Amino acid sequence: MNSFTLIFLLALTVCYATQFWLSKRQFDYVLKHRSAVPDAFKERVSLEAHQKAADYTIEKGRLGIIDNILGIVVLLCLTIGGGINLAFEFWTAQVSSPLWSGIAALASVFLAMTLIDIPTSLYQTFVIEEKYGFNKSTIKQFSKDHLLQLGLSAAIGIPLLALILWVMDSVGSLWWFWAWVIVMGFSLLMSWLFPTLIAPLFNKFTPMQEGSLKDRIQGLLTRCGFNSQGIFIMDGSKRSGHGNAYFTGLGNNKRIVFFDTLVDSLDEEELEAVLAHELGHFKRKHVIKMLCASSVMSLISLAILGWLINEQWFYNGLGVQQPSHAAALLLFILVSPVFTFFMQPVSAYFQRKFEFEADDFAASNAKASKMISGLVKLYEENASTLTPDPLYSAFHYSHPPAAIRIAHLETKMQPS
Ligand SMILES: [Zn+2]
């Protein structure tokens with residue numbers, strides 16, 4: 001057996017064994033704390049809501065494990081099982097242009113992976129979300145969303161893929177640098193176009209009506225010196241009862257979006273605090289920092305691919321007989337998450353640090369007490385557990401666990 005096959009199998013085993021172990025810890029921890037609401041939340045959260053969050057967390061976690069097992073099987077079938085090799089052999093025989101046979105092979109593998117994911121997605125939406133009262137989608141809506149996503153991925157992804165494969169074939173050994181320039185330019189263009197061109201294909205965005213809430217938000221924006229292209233309400237309730245608020249767009253194309261479900265459940269001061277938190281991410285330059293970090297990461301990744309692409313052992317170790325640029329790209333996309341898994345806690349650490357900074361910003365530009373009550377409502381309405389396992393959350397959570405986050409905000413409260 002090729003020694004790279006062994007290294008890959010070892011990394012895969014360690015990566016998934018760690019994930020299963022962390023999930024097991026999470027289940028045990030949540031179950032152990034299921035019988036009582038933690039002291040910090042005793043006055044704010046009912047035992048019923050706390051137990052609903054525990055059960056919901058565990059059911060979603062179990063589905064996550066099945067999803068992981070499926071992921072392992074698919075990855076092994078595609079690589080050392082010979083799936084990718086088969087796809088390339090098939091398309092090379094059908095299509096004479098190496099560029100187009102490569103595109104066809106990649107597209108068919110991605111299509112197969114998308115189809116394999118549908119049953120879990122159906123179960124998540126129509127069994128788990130339904131059971132806990134979150135699902136508002138219908139089979140018709142679900143099918144429409146998936147077809148639209150598939151159509152968009154093809155319409156945007158195939159030209160981008162064609163351009164990258166062409167660069168790989170044509171510009172010589174520094175192709176990976178030019179591919180990086182294309183990927184970066186493309187992702188900036190997408191972030192800029194997303195709010196006005198793509199998001200409206202899935203949801204309706206209505207400008208927020210004049211009134212006390214809009215005045216309050218406008219006041220906050222002026223106080224923080226923030227320009228935006230408007231405040232919008234999104235019909236999130238068309239698919240789910242989960243609430244959220246976010247910023248989108250770049251430069252002068254920025255929009256503030258509130259889910260209608262959030263506007264219905266939080267009061268005006270709580271909404272102001274939640275938005276102040278989001279503004280904090282922007283004002284403390286988190287958006288720019290994340291963008292820089294991800295662009296450095298993609299440059300490093302592409303440089304590594306620039307080296308691997310000439311190594312026969314890379315292809316053979318992952319079940320591909322005939323080296324090609326398209327095959328290298330596909331193998332790299334599929335296999336690199338197994339090797340980068342252990343960087344996840346590092347990025348989660350920085351994300352949590354940013355969350356504290358954004359909470360500090362919210363506390364100084366709105367009321368910390370309202371940020372806390374807004375958060376508690378969000379945790380309760382999204383049935384997020386208040387008692388995650390510390391190791392599990394350090395690995396997986398982009399936000400600090402509820403108790404830690406609220407304790408931090410409490411230190412920022414002005415005596416009233
Ligand atoms: Zn945040």
Side-chain angles (χ1 to χ4, degrees), residues 40-41 44 53 57 191 194-195 199 216-217 220-221 223-226 228 231-234 236 240 242-250 254-263 265-294 344-386 388 390 392-413:
F41 299 94
R44 297 192 173 111
T57 303
S191 319
F194 181 81
R216 181 178 283 281
I217 287 171
L220 172 73
L221 294 178
R223 246 182 2 257
C224 303
F226 187 85
S228 96
I231 307 157
F232 291 83
I233 310 280
M234 188 190 104
S240 147
H242 292 301
N244 208 346
Y246 69 92
F247 257 126
T248 160
L250 275 184
K254 283 193 294 289
R255 279 181 167 194
I256 292 162
V257 176
F258 285 105
F259 282 37
D260 51 359
T261 36
L262 189 76
V263 178
S265 55
L266 266 55
D267 71 28
E268 290 190 1
E269 285 186 295
E270 287 164 348
L271 286 167
E272 181 187 25
V274 167
L275 180 60
H277 169 98
E278 297 301 327
L279 281 172
H281 281 309
F282 188 80
K283 283 283 166 183
R284 296 279 151 90
K285 308 226 171 350
H286 300 159
V287 182
I288 297 285
K289 284 179 188 167
M290 297 294 258
L291 199 70
C292 290
S294 78
Q344 204 171 301
V346 180
S347 82
Y349 168 81
F350 282 105
Q351 283 178 7
R352 289 193 300 270
K353 188 169 164 292
F354 291 165
E355 291 306 323
F356 284 127
E357 290 179 12
D359 279 348
D360 290 349
F361 187 89
S364 40
N365 290 282
K367 285 190 187 141
S369 60
K370 285 292 177 179
M371 184 74 215
I372 296 175
S373 60
L375 273 179
V376 173
K377 278 189 195 169
L378 275 174
Y379 274 103
E380 189 165 348
E381 285 182 10
N382 289 326
S384 310
T385 179
L386 299 170
Y392 180 90
S393 59
F395 235 90
H396 289 297
Y397 279 25
S398 60
H399 288 65
I404 296 174
R405 202 169 161 194
I406 285 167
H408 176 83
L409 275 164
E410 272 167 352
T411 65
K412 306 281 162 186
M413 259 157 65

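We count ligands from 1, going down the list as the structure has it; atoms in each ligand are counted the same way. For this chain, numbers begin at 1 and follow the sequence in order. Here the structure is a predicted model, which means the values were calculated and not measured.
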Engineer: Have a look at the Zn ion (ligand 1) and estimate, to 10 degrees, the angle subtended by NE2 (H281) and NE2 (H277).
Structural biologist: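 If I round to 10°, I get 100°.
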
Engineer: Counting only heavy atoms not in K367, do more than 12 sit closer than 6.0 Å to its NZ atom?
Structural biologist: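 Counting neighbours around NZ of K367, 12 or fewer heavy atoms of other residues, nucleotides or ligands fall under 6.0 Å, so no.
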
Engineer: When H281 is tested against each of M290, K289, E355 for side chain to side chain contact (heavy atoms under 4.5 Å, CB included), which residue passes?
Structural biologist: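 Result for side chain to side chain contact (heavy atoms under 4.5 Å, CB included) with H281: E355.
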
Engineer: Would a 4.5 Å heavy-atom cut-off, applied to side chains only, mark R405 and D359 as touching?
Structural biologist: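 In contact.
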
Engineer: Is the CZ atom of F282 crowded by more than 12 outside heavy atoms at less than 6.0 Å?
Structural biologist: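 Counting neighbours around CZ of F282, 12 or fewer heavy atoms of other residues, nucleotides or ligands fall under 6.0 Å, so no.
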
Engineer: Decide, counting backbone as well as side-chain atoms, whether H399 has an N, O or S atom less than 2.8 Å from the Zn ion (ligand 1).
Structural biologist: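 Short answer: no, not a single N, O or S atom is under the cut-off.
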
Engineer: Kindly give the atom name of the N, O or S atom of E355 closest to the Zn ion (ligand 1).
Structural biologist: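 The Zn ion (ligand 1) is closest to the E355 atom OE1, counting only N, O or S.
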
